[in-house]
Structure formats: C-alpha cells, structure tokens
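Following: one structure in structure tokens, then a few remarks.
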Number of protein chains: 2
Amino acid sequence: MSKSSISNSVIRRLPRYYRFLGELENNGYVRISSRELSEKMGLTASQIRQDFNCFGEFGQQGYGYNVSDLRIEIGKILGLDKQTPMILLGAGNLGKAIAAHIDFRNKGFDLIGAFDVNEGIIGKEIGDLKVRGIDELSTFCAENKPVAAILCVPMGAAEKLANTLIECGVKAFWNFTHYDLKVTHKGVAVENVHLGDSLTTLSYCLNNLNNSEK
Amino acid sequence: MSKSSISNSVIRRLPRYYRFLGELENNGYVRISSRELSEKMGLTASQIRQDFNCFGEFGQQGYGYNVSDLRIEIGKILGLDKQTPMILLGAGNLGKAIAAHIDFRNKGFDLIGAFDVNEGIIGKEIGDLKVRGIDELSTFCAENKPVAAILCVPMGAAEKLANTLIECGVKAFWNFTHYDLKVTHKGVAVENVHLGDSLTTLSYCLNNLNNSEK
DNA sequence: ATCAGTTTGTCAAGAATTAAACAAAGTATT
DNA sequence: AATACTTTGTTTAATTCTTGACAAACTGAT
C-alpha cells in the first residue's frame, strides 16, 4: 500500500540485481559497495543507489550494502518469498521445455498443473506432472485455485483462453504466444515474452554493427 | 554508414511494428494511418510517425502508409531480407524447443547446425538437423561459416564457448544461458534473453497489482 | 478546378530517466 | 578519540524519450 509508482525501468532491473547478489553471496561476498557492484554489472553507481532507495535505505555510509540482507530484501520486493500456484497451458515442445528449464520455486511460483488439447500429449508426464485435457481445466481451477498461467498455445487460441482463465481467477500471465496479450482487465498482470521479436532485434543489431559506432 | 544512432527504444519497437503490419496485410489492409495503427498497437500516433521517420519518409500526407510497402521497408531495416547462417549450441530441452518453435527464415536467419556435449543427445535429429558433437565445432565453422549462434548451454560453459565461437567468426549471440554475456568484443551483437528474469518480473507485477494504480 | 477533410513530417514542449555532485554519516587505523 | 578515508542517500543537472501541435501536402468529392 505504500510503494506505489515505481518506474518500469527500475522494476526491470530488479531481477538482475537479485541474480548478481546471489552470485556474489555464493562467491563469499559479505558486503559490497554501489561502486563495486556497478563495475560488475555495467551500470553507474548512482543508478544503483537510486534504484535501491525506491524501496528503503538498505545501505550504510562508509560500509556499503550487506549482500545477504540486500538480496533477501529485494527478494521480498519481488515476491519471491511467496509460492504462487501456476499452471501451464500448451504442453508442446516449448511448454515442456519451459516447464523443465525454469526453477519456479526460486522465482515465486509453484507449477501445479499442465494442460493441452492434443490427445497425443494428454497423459504424458512433464517432470512430476501429468498433462491433463483442457476439458478438466475449470474443475481443476475450482479445486486448486491457480493464480498464474503460462501460455504456450497457438496464437489463435490465446485470447479466448486468457479470458476463460481470468474467469477462473487467474491473475498473472506469462505469455509465450505470438498474440500480444493486452492488460484490459484491471488487477491482471501480463508478461509478454515474444521470442520472435527478440531474434528479430538480434538481426537488426547484427546488420547494423558497423553503423552503431558514433 | 548513414543511419547511425537509432535509439534503443525505437529498435525494440521495430519487430512489433513488423509483426502488426504483417497481420494487417493478411487481413486485407492496403493502407493505414498512424492514428489507426496507434489504436491497434496501444501507442501514440506521434510516436509511430517519429519512429518511422528515423529511417526515411514512408508515408504520404492525406493518405497514410501503404501497409505492404512499409512492411517491406521495415523488414529491410531489420535485415530480414538476409538469411544469416546460425548454429545451436546445447540441444537439450530448451535448445530443441527453440529450434522447433522459431521460424528462423522469417527472422533473418537460417539454422544450419546443432551441437551438444551429451553423448545421449549427439546423433539425434532436430527438425532436419543431426546433432553433432562439440568436437566437430571448429571444423564445421571453418567449412560452413556460421555468423550467429544460439546459446542454450549451462551457465558455466557460456563464456568460454562464446569466446571460442568469436574466434570461429561468429558475430551474433542469442543467449538463453543464465550468464550475462557482455559485448566486450567490438563488432559482436548480443541478445540476452533471461527467461528467469522475465518470470521474476511477473512475480513483482502480480504482488504489486493493487499498488500500481496511482 | 476548387474546397473540405485527412494525415504526414517535424519542431518544440513536457516527462521521464540517468548521471553527477556533495553533505552527512559511517568505518578503520593510528 | 581523532583523523583520513569511504560510501550512502539525496539533491540538482543533464540527457533521453514521449507527447502535443501545426504547417505543408495530399485525397476525394463536388
């Protein structure tokens, strides 16, 4: 209720801070200054101090920041102390790979179900989950109350499915479809991934390498 | 040599413009105004006009933009008229899924090889490619001159592998590892994806939904 | 051909983001 | 305990990005 209006730029940097602090901790760092962190991360020390100050005063003059404490604080800000129940929609190549590849527990989520329409996929195992038919979706949601969903379905199915899920109480979408999911409903969070756009951007950068020098 | 210093914000929007223009064309649109496009994309018309103007004058007063022509122009800007040879490093779950899921040809690339260290994976098929052992990498590069690489290897292997590939002539990296690949070498393009950070951001947004209203 | 309406390209104002600067408050060593 | 050094939190300045405004130029209908 307190910390409204954190800028999007700051939010986008938070996961990276969290990641670097974890690595520092693993490498035995107990404390770190904004200057040293800025060198490791390729940012300015000023920006780091200002980012952290959006959420409170975590450092100490003359000392710097306690790595472990700061990491825990940022983890709380990111909601990583929670375990939001999440389901996967679309258990094809990509959905399966994401379910297997991501460490959900350390990202604030708990993957509790997977669904597909393809008869050839239904019943198969993904990790310790069995893929369910999409017809079981509403019953499952009523019983297990998932709050987040991964969308790995074809573009055409995305919008309708998202609306169904919202009716079932889903409040967060991690969207890998080619459909730009809009945040029309209030109180719903959307993260559009768009791997294709990412690769397209790389194409631009590659083809304009020589021009980029000022 | 002409169009230096296009801002990163503009570049990040280009793939989305290209995508939307493709959909418009498929839906039979011949022309579109910045105002109408802005409504569809959720941007301001002013921003769209200024973005396009970074690259030339593609519109016509009183008429708008020709959808097909504009799409082709943006495609050229993005380098999508090329077919840059690309290889995949790490053909596990994620690598396989990406290779299968992405339409490389329409993103300016051509996937010509896949490599792994795991004996259980070497020799398997990914699409029409056979996974090669990593020991074949330098020979393959010498013969086939790949210019881009997808990194889907464990974090610990990323940096060393990237340096090897740069020596082999690779100039663009699509990096899915947890390692933040830095662009130290001049003339090398890097696109770090970091799916974990994306999910972490979603966790933040979900846990701060109520606070985000001003 | 003229005229009302539309839409671009561009300039200038406004916001937002990033960087620099520095006093205040700590640390560490003598 | 005193002094030199370090580093934060915060203010101020610079830069970048976005939006608003409007003349110039075109369309399309009369």
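Letters go in sequence order (proteins before strands), and every chain restarts at 1.
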Are OP1 or OP2 of [N] and a side-chain N or O of [X] less than 4.0 angstrom apart?
X	N	answer
T44(A)	dT18(C)	no
Q47(B)	dT18(D)	yes
S34(B)	dT7(C)	no
S46(A)	dA20(C)	no
R35(A)	dC5(D)	no

Residue closer to the 5' end of DNA chain C, Y63(B) versus N53(B) (nearest nucleotide):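 Here Y63(B) is the residue nearer the 5' end.
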If you assign each of R49(A) and S7(A) to its closest nucleotide in DNA chain C, which residue comes earlier from the 5' end? S7(A)
Whole-Å gap separating [atom2] ([N]) and [atom1] ([X]):
X	N	atom1	atom2	result
R12(B)	dT16(D)	CZ	P	18 Å
L43(A)	dT18(C)	CG	C1'	11 Å
E39(B)	dT7(C)	CD	P	10 Å
L37(A)	dG9(D)	CG	P	13 Å
Q60(B)	dA24(D)	CD	P	18 Å
I48(A)	dT7(D)	CD1	P	13 Å
E57(B)	dA25(D)	CD	C1'	11 Å
D51(A)	dT8(D)	CG	P	13 Å

Among L70(A), L78(A), I74(A), V10(A), find the residue that satisfies the side chain to side chain contact (heavy atoms under 4.5 Å, CB included) test when tested with Y17(A). I74(A)
Determine the interplanar angle of the H101(B) and H178(A) rings, folded into 0 to 90°, and report it as parallel if under 30°, tilted if 30 to 60°, perpendicular if over 60°.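 Ring orientation of H101(B) relative to H178(A): parallel.
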How would you list, by chain and number, every residue that makes a ring-ring contact (aromatic ring centres under 6.0 Å, His included) with H194(B), sequence neighbours excluded? none
Look at all strands and tell whether R13(A) reaches a base, only sugar-phosphate, or nothing, counting heavy atoms closer than 4.0 Å. sugar-phosphate
Does Q50(B) make a side-chain donor-acceptor contact with the base of dT8(C), cut-off 3.5 Å? no
Considering only NZ, NE, NH1 and NH2 on the basic side and carboxylate oxygens on the acidic side, decide whether D197(A) and R19(B) come within less than 4.0 Å.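 Between R19(B) and D197(A) there is a salt bridge, with a charged N closer than 4.0 Å to a carboxylate O.
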Between E191(B) and K107(B), does at least one N-O distance fall below 4.0 Å, as a salt bridge requires?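 The answer is no: the pair does not qualify as a salt bridge.
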For a quick test of reading the model, state the closest non-hydrogen atom pair linking L88(A) to G95(A) and the distance between them. CD2-O, 3.6 Å
Taking only the side-chain heavy atoms of [X] (C-beta and beyond), determine which of [options] contains the nearest atom.
X	options	answer
R31(A)	dC26(D), dC22(D), dT7(D)	dT7(D)
S33(B)	dT8(C), dG9(C), dT7(D)	dT8(C)
Q61(B)	dA25(D), dT17(C), dT10(D)	dA25(D)
Y65(B)	dT18(C), dA21(C), dT8(C)	dT8(C)

Could you check G62(A) against F52(A) and say which one's nearest nucleotide on DNA chain D is further toward the 5' end?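 Its nearest nucleotide being more 5', the pick is G62(A).
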